[in-house]
Number of protein chains: 2
Amino acid sequence: MLNQSTSLDLAFQALADPARRAMLERLSQGPASVSELAKPLQMSMPAVLQHLAVLEQAGLASSRKTGRVRSCELNAARLEDVQKWLNARRAEWEARFDRLAAYLNTLDEGNKNG
Amino acid sequence: MLNQSTSLDLAFQALADPARRAMLERLSQGPASVSELAKPLQMSMPAVLQHLAVLEQAGLASSRKTGRVRSCELNAARLEDVQKWLNARRAEWEARFDRLAAYLNTLDEGNKNG
DNA sequence: GGAATAGTTAAGTATTGACTTATCTATTTG
DNA sequence: CAAATAGATAAGTCAATACTTAACTATTCC
């Protein structure tokens with residue numbers, strides 16, 4: 001599947017990096033400048049800007065420049081998209097468990113009544 | 001953060017590939033052999049095995065071989081770990097919104113009573 | 001036992017990813 | 001206006017990904 005990126009691909013890919021997750025953790029508490037995002041990270045500014053670009057392309061963050069400062073913020077909607085996929089998997093998984101339990105129950109009932 | 005992989009890194013990284021997500025979608029409905037996982041994917045068996053290895057290393061799936069067939073299954077616990085991180089971000093995000101709303105409310109109250 | 005089945009290993013390639021340093025451009029601020 | 005601040009762009013490096021083909025190993029079935 002090389003080179004065909006859906007929106008979920010980009011989101012999960014963006015979330016896979018600890019530096020980017022740290023940036024999102026900061027942003028989930030409110031807007032921040034690029035420098036603020038960079039401060040706790042041990043890497044150069046260009047690296048941080050590249051991570052920010054990845055987050056923006058994934059739709060997980062957005063930013064706009066005012067004067068010389070770029071203010072960044074979290075895009076919670078995309079976070080929700082990711083959660084939806086995970087929830088769907090969990091739901092299927094649990095549905096199967098429920099069916100299994102129900103089946104085992106009929107076996108037990110049959111045992112009682114046979 | 002090159003070369004220091006936490007468990008979340010591996011999980012998100014594994015989830016970033018559409019072929020691997022397809023495998024997990026299949027596995028969320030119950031166990032499957034490697035061939036079954038491979039069938040809907042347009043790639044060679046070695047490629048599928050490599051994807052499976054990524055899922056296992058990320059803790060998202062496990063497998064064991066019986067005879068000549070390897071049976072794979074979903075590991076829902078690791079899926080939950082991922083959900084927890086996302087839930088935490090959403091919670092922080094919403095808490096900030098609530099605080100903001102409460103603050104705006106005090107402004108409004110002050111306006112009425114002043 | 002021999003052919004088909006199911007998976008495995010090895011090794012190679014092309015593309016992405018995650019940085020770096022160096023340089024450059026706007027905006028404040030003293 | 002000069003210096004500090006905040007960010008941006010370019011270009012290069014090195015490692016990791018996502019495949020591929022070819023060859024090989026166990027099972028199972030006839």
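So you know, we letter chains A, B, ... as the sequences are listed, proteins then strands, and number each from 1.
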Quiz item: So how far is it from B/Leu52 CG to B/Met23 CE, rounded to the nearest 0.5 Å?
Solution: 5.0 Å
Practice problem: Give the rounded distance in Å between these two atoms: CE of A/Met45 and C1' of D/dA10. | Solution: 16 Å
Practice problem: Under the side-chain hydrogen bond (donor to acceptor under 3.5 Å, both in side chains) rule, collect the residues that match up with A/Gln57, sequence neighbours excluded. | Solution: none
Self-check item: Base-paired stems that DNA chain C participates in, counting runs of 3 or more Watson-Crick or G-U pairs under 3.5 Å
Solution: C:1-30 with D:1-30
Quiz prompt | Least distance between heavy atoms, A/Ser33 atom then A/Glu36 atom | solution = N-OE1, 2.8 Å
Self-check item: Side chain A/Thr66, main chain A/Val69, donor-acceptor under 3.5 Å
Solution: no
Quiz prompt | Between P of C/dG17 and CZ of A/Phe12, the distance in whole Å | solution = 16 Å
Quiz prompt | Spacing of A/Lys39 atom NZ relative to D/dT5 atom P, expressed in whole Å | solution = 11 Å
Self-check item: For atom CG of B/Leu49 and atom C1' of D/dT21, their distance in whole Å
Solution: 15 Å
Quiz prompt | Check: A/Leu24 and A/Leu15 side chains under 4.5 Å, non-hydrogen atoms | solution = yes
Quiz item: Where the side chain of B/His51 is concerned, which of D/dA18, C/dA18, D/dA8 is the nearest nucleotide?
Solution: D/dA18
Practice problem: Identify which nucleotide among D/dC19, C/dA18, D/dT9 has an atom closest to any side-chain atom of B/Gln50, counting heavy atoms from C-beta outward. | Solution: D/dC19
Quiz item: Of the non-hydrogen atoms in A/Met45 and A/Ala38, which two are nearest, and what is the gap between them?
Solution: SD-CB, 4.0 Å
Quiz prompt | Per-nucleotide protein contact string for nucleotides 22-30 of chain C, where B marks a base within reach and S marks sugar-phosphate only (heavy atoms under 4.0 Å, - for neither) | solution = B----BS--
Quiz item: Which nucleotide sits closest to the side chain of B/Met43: D/dA8, D/dT20, C/dA18?
Solution: D/dT20
Practice problem: Output yes when a side-chain donor or acceptor of B/Arg20 lies under 3.5 Å from a complementary backbone atom of B/Gln13, and no otherwise. | Solution: yes
Quiz item: Given atom NZ of B/Lys65 and atom C1' of D/dA26, what is their separation to the nearest angstrom?
Solution: 6 Å
Practice problem: Give, for atom CD of B/Gln83 and atom CD of A/Gln83, the distance between the pair rounded to the nearest 0.5 Å. | Solution: 7.5 Å
Practice problem: May I ask you to list the residues of residues 23-31 of chain A, by number, that have any heavy atom positioned under 4.0 Å from an atom of DNA chain D? | Solution: none
Quiz item: If you round to the nearest 0.5 Å, how far is CG of A/Leu27 from OG of A/Ser62?
Solution: 9.0 Å
Exercise. Please state how far atom CZ in B/Arg64 lies from atom C1' in D/dA26, giving the value in whole angstrom units.
Key: 18 Å
Self-check item: side-chain hydrogen bond (donor to acceptor under 3.5 Å, both in side chains) against A/Arg68, all qualifying residues, sequence neighbours excluded
Solution: none
Sequence neighbours excluded and cut-off under 3.5 Å, please list the side-chain donor-acceptor pairs for residues 70-78 of chain B, or say none.
from    : atom 1 : to      : atom 2 : distance (Å)
B/Arg70 : NH1    : B/Ser63 : OG     : 2.9
B/Asn75 : OD1    : B/Ala77 : N      : 3.3
B/Asn75 : ND2    : B/Gly59 : O      : 2.9
B/Arg78 : NE     : B/Asp81 : OD2    : 3.0
B/Arg78 : NH1    : B/Ser7  : OG     : 3.1
B/Arg78 : NH1    : B/Ala58 : O      : 2.7

Quiz prompt | 5'-most by nearest nucleotide on DNA chain C - A/Gln13 or B/Ser71 | solution = B/Ser71
Self-check item: Length of the CD-C1' vector between A/Gln42 and C/dT20, whole Å
Solution: 15 Å
Self-check item: Residue mapping more 5' on DNA chain D - nearest nucleotide basis, A/Leu52 or B/Ser44
Solution: A/Leu52
Practice problem: Mind telling me whether B/Phe12 and B/Trp85 have parallel, tilted or perpendicular rings, with 30° and 60° as the class edges? | Solution: perpendicular
Self-check item: Among C/dC19, C/dT8, D/dA18, the one nearest B/Arg20 by side-chain distance
Solution: D/dA18
